[in-house]
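Single-structure report; data block below.
Both backbone and side-chain heavy atoms feed into the values below; hydrogens, waters and symmetry mates do not. Numbers here simply count residues along the sequence, with the first being 1. Treat the numbers as computed from the prediction; the structure is a model and nothing was measured.
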Amino acid sequence: MKRLENRVAIVTGGSHGERAALGADFAKALAAAGAKVVVADIRDCASVVKEIEAAGGEALAVHVDVRDEASVAAMAAAAITRFGRIDILLNNAAIGSNIPPVKVGDIALDAWDDIYAVNVRGPFVCVKAVLPQMRKQGYGKIINVGSTMMYSGAPNRLHYVSAKGAVLAMSRALSRELGPEGICVNTLAYGLVTSRINEQALEEDDEYRAHAFRPRAMPVHLRAEDITGGLVFLASAESDHMTGQCLMIDPGSVHN
């Protein structure tokens with residue numbers, strides 16, 4: 001029996017996207033572990049669903065804007081209509097750390113609000129949408145995606161770093177509130193991931209590679225497949241007695 005057999009997962013930000021495509025990797029990893037997966041994004045997710053189905057899994061593509069309560073409610077309803085339950089919510093949708101660096105005095109209020117709308121309000125809205133079903137089941141796994149920057153405090157990205165810090169605090173507060181109902185809430189965090197977008201630069205640009213690898217205790221690449229094992233662990237029964245924690249997958253650049 002697979003580790004997530006008979007479980008239903010929602011993955012926000014699950015499309016292939018324009019950057020590292022981690023959402024798609026996360027959705028496929030959960031499916032490979034046996035979960036039925038709702039792949040949700042503001043972009044088209046059909047190609048991810050096709051890949052999951054081609055590998056023998058079950059998946060549903062849903063268009064969602066995590067900033068919008070009605071859109072998120074429709075996502076949760078679609079999951080229940082198709083699969084009958086919601087066991088796992090992966091709050092992955094976010095404006096990423098690849099935003100241009102900007103000094104604190106130059107951050108526009110609109111840019112600040114945009115990041116908080118997706119990266120903080122979005123997970124909150126999604127949690128509210130899935131809670132009635134998880135409470136009905138007396139079981140659920142909520143996994144919020146953080147970043148090593150929550151601990152390193154990277155400069156010139158205050159809006160992104162502080163939003164990820166808010167996600168960590170949200171996980172801890174929710175774990176206290178929802179633990180008595182059998183719902184676990186944890187944070188999955190990681191650092192710079194080597195992807196098809198940046199791999200060439202990491203190989204050819206000595207300055208960029210030094211910037212990425214110098215802080216690491218192990219000067220190695222961090223790839224999507226290095227993260228998905230931790231994700232499946234947090235989604236599975238193996239972590240049923242683990243809540244309010246941050247699982248940091250990182251080659252030693254920060255310590256939480």
Side-chain angles (χ1 to χ4, degrees), residues 1-14 23 26-27 29-31 33-41 45 57-94 118-146 166-189 228 230-247:
M1 183 175 180
K2 293 185 176 181
R3 295 161 75 188
L4 300 180
E5 198 80 31
N6 301 318
R7 299 299 188 191
V8 176
I10 295 176
V11 178
T12 66
F26 292 161
L30 293 172
K36 300 175 178 66
V37 183
V38 176
V39 188
D41 205 310
C45 301
E58 293 184 60
L60 172 68
V62 173
H63 178 274
V64 70
D65 182 344
V66 297
R67 300 167 296 183
D68 181 77
E69 198 165 19
S71 179
V72 172
M75 173 190 72
I80 295 166
T81 298
R82 174 69 179 271
F83 297 124
R85 56 188 295 123
I86 301 171
D87 301 287
I88 302 152
L89 169 65
L90 175 61
N91 276 317
N92 174 67
V118 177
N119 293 18
V120 182
R121 173 176 167 157
F124 162 66
V125 173
C126 291
V127 167
K128 283 185 66 178
V130 304
L131 265 183
Q133 181 63 34
M134 288 187 175
R135 281 174 165 153
K136 181 179 178 181
Q137 298 163 186
Y139 182 86
K141 296 296 186 79
I142 296 171
I143 305 166
N144 295 319
V145 175
V167 166
L168 177 64
M170 185 188 304
S171 296
R172 289 179 171 167
L174 283 170
S175 72
R176 290 285 186 176
E177 185 170 345
L178 302 180
E181 301 179 76
I183 300 169
C184 298
V185 188
N186 292 292
T187 303
L188 175 67
T228 53
L231 167 62
V232 172
F233 166 71
L234 289 178
S236 75
E238 296 161 20
S239 61
D240 276 357
H241 293 168
M242 175 180 171
T243 194
Q245 307 304 312
C246 179
L247 179 59

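The line from SG of Cys184 to CG of Leu178 is 10.0 Å long, rounded to the nearest 0.5 Å. Going from atom CG of Leu90 over to atom CZ of Phe26 covers 6.5 Å, rounded to the nearest 0.5 Å. Taking SG of Cys246 as the reference point, atom CG of Leu188 lies at 8.0 Å (rounded to 0.5 Å). The structure places CG of Leu131 at 14.5 Å from NZ of Lys136, a figure rounded to the nearest 0.5 Å.
Ala235 is linked by a side-chain contact (heavy atoms from CB on, under 4.5 Å) to Leu4, Leu30, Ile88, Ile143, counting only residues two or more places apart in sequence or in another chain. By the side-chain contact (heavy atoms from CB on, under 4.5 Å) test, Ala78 pairs with Leu60, Val62, sequence neighbours left out.
In this structure, Asn6 and Lys36 approach most closely via the heavy-atom pair CA-NZ, 4.4 Å. For Ala9 against Ala35, the heavy-atom pair with the smallest separation is CB-CB, 4.4 Å. The minimum heavy-atom distance linking Gly14 with Cys45 is given by the pair C-SG, 4.4 Å.
Side-chain contact check for Ser236 and Lys141: no donor-acceptor pair (N or O, by modelled atom type) lies under 3.5 Å. Under the 3.5 Å distance criterion, with hydrogens and angles disregarded, no donor-acceptor pair is assigned to the side chains of Thr12 and Asn92.
Taking 4.5 Å as the limit, every side-chain heavy atom of His63 sits out of range of all side-chain heavy atoms of Asp41. Residues Val72 and Asp65 fail the side-chain proximity criterion, which asks for heavy atoms closer than 4.5 Å. Counting heavy atoms from C-beta on, the side chains of Glu58 and Phe83 come closer than 4.5 Å. Between Gln137 and Arg85, some side-chain heavy-atom pair lies under the 4.5 Å cut-off. Looking only at side-chain heavy atoms (C-beta outward), Ile183 and Ile142 come within less than 4.5 Å of each other. No side-chain heavy atom of Val11 sits under 4.5 Å from any side-chain heavy atom of Val39.
No more than 12 heavy atoms of other residues, nucleotides or ligands lie within 6.0 Å of CZ in Phe124, so this atom counts as exposed by the packing criterion. The local environment of CZ in Arg82 is crowded, with over 12 non-hydrogen atoms from other residues, nucleotides or ligands closer than 6.0 Å. Enclosure of atom CZ in Arg67 is not indicated, since only 12 or fewer non-hydrogen atoms of other residues, nucleotides or ligands lie within 6.0 angstrom.
Residue pairs meeting the salt bridge (charged side-chain N to carboxylate O under 4.0 Å, His left out) criterion with at least one member in residues 121-134, sequence neighbours excluded: Glu69-Lys128.
The side-chain contact (heavy atoms from CB on, under 4.5 Å) with Gln133 is formed by just one residue from the set Ile86, Leu89, Asp87; it is Ile86.
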Legend entry - Worked check of side chain to side chain contact (heavy atoms under 4.5 Å, CB included) between Ile10 and Val130: CA-CA 9 Å; Ile10 295 176; Val130 304; 4.1 Å; yes
Legend entry - Intermediate values then yes/no, side chain to side chain contact (heavy atoms under 4.5 Å, CB included), Val66 and Met75: CA-CA 9 Å; Val66 297; Met75 173 190 72; 5.9 Å; no
Inset, instruction - Please step through side chain to side chain contact (heavy atoms under 4.5 Å, CB included) for the pair Phe233 and Leu247, ending with a clear verdict. - result: CA-CA 10 Å; Phe233 166 71; Leu247 179 59; 4.3 Å; yes
Inset, instruction - Would you sort out whether Thr187 and Asn144 count as a side chain to side chain donor-acceptor pair (under 3.5 Å), showing the intermediate values? - result: CA-CA 5 Å; Thr187 303; Asn144 295 319; 5.2 Å; no
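Side-chain atoms of Thr243 come within 3.5 Å of backbone atoms of Val185 as a donor-acceptor pair (strictly under, hydrogens ignored). A donor-acceptor pair is defined here as one N or O able to donate and one able to accept, closer than 3.5 Å; such a pair exists between the side chain of Asn186 and the backbone of Gln245.
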